[in-house]
Amino acid sequence: MRVGIANDHAATDLKFKVMEHLKEEGYEVINYGFDTHDSVDYPIAGEKLAMGIKNNECDLGIAICGTGVGISIACNKVKGIRAGVCSETKTAALIREHNDAQIIAFGARIVDEKTAYELVDTFLTTPFSNGERHIKRINMLKEIEDRQ
Ligand code: RB5
């Protein structure tokens with residue numbers, strides 16, 4: 001599986017640790033984020049990752065900023081992309097099972113390293129349920145985009 005990852009300055013160290021963790025697990029990892037501790041802008045990284053998924057350069061994505069919120073909002077601005085912020089594994093599983101989210105977002109200032117590994121492992125290994133009610137609701141999200 002090809003996994004995209006993106007971050008701002010608040011999450012550079014955690015991004016590199018998560019990349020290493022994923023490579024050890026055999027994932028191909030594509031870095032769309034910033035490799036600096038200098039102040040940078042999370043919308044740039046979020047858009048790059050979301051476009052990478054939209055253009056089928058990668059299958060799923062990981063977005064990390066200070067809280068996970070700013071970068072997730074950026075990802076969700078890209079048509080067809082669903083990103084969810086998580087700080088525990090139940091939500092990390094449910095955003096795949098129910099929302100078919102392509103991107104998990106979390107905060108480097110919120111979760112520790114071990115939790116970050118658990119979040120990405122859960123997210124990347126949980127399939128979409130394909131439940132009829134969930135498909136219907138995802139289609140409703142697409143209709144919202146089409147009405148803009
Ligand atoms: C950067 O200081 C911080 O605002 C950013 O990483 C993120 O938390 C925004 O949502």
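Remember, it's 1-based here, ligands and their atoms both numbered in the order they're listed.
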Atoms of ligand 1, numbered as shown, that sit under 4.0 Å from any heavy atom of R109
1 (C), 2 (O), 3 (C)
Can you tell me the protein heavy atom closest to atom 8 (O) of ligand 1 and the distance?
T67 N, 3.0 Å
Strictly below 4.0 Å, N to O, side chains only: are E113 and K17 in salt-bridge contact?
yes
Modelled atom types, side-chain donor and acceptor of E57 and Y32, under 3.5 Å:
yes
May I ask you to check whether H9 and H37 place their ring centers less than 6.0 Å from one another?
no
Starting at CG of N99, measure out to CG of L141 and round the result to the nearest 0.5 Å.
8.0 Å
Minimum-distance protein heavy atom relative to atom 10 (O) of ligand 1
G70 N, 2.9 Å
For H9, the atoms of ligand 1 under 4.0 Å from one of its heavy atoms are 1 (C), 2 (O)
Can you name the nearest heavy-atom pair linking A50 to V78, along with the distance?
CB-CG2, 3.6 Å
With a cut-off of 4.0 Å, which atoms of ligand 1 are near a heavy atom of A10?
6 (O)
Nearest heavy atom to atom 6 (O) of ligand 1 wins, so pick from D8, D41, V40.
D8
So, E118 and T115: side-chain donor and acceptor under 3.5 Å apart, yes or no?
no
Give a yes or no on whether a salt bridge exists between D146 and K142, defined as a side-chain N under 4.0 angstrom from a carboxylate O.
no
Protein heavy atom at shortest distance from atom 9 (C) of ligand 1
Y42 CE2, 3.5 Å
Below 4.0 angstrom, counting only protein heavy atoms, does anything approach atom 4 (O) of ligand 1?
no
Please determine if G66 has a nitrogen or oxygen closer than 3.5 Å to a nitrogen or oxygen of ligand 1.
yes
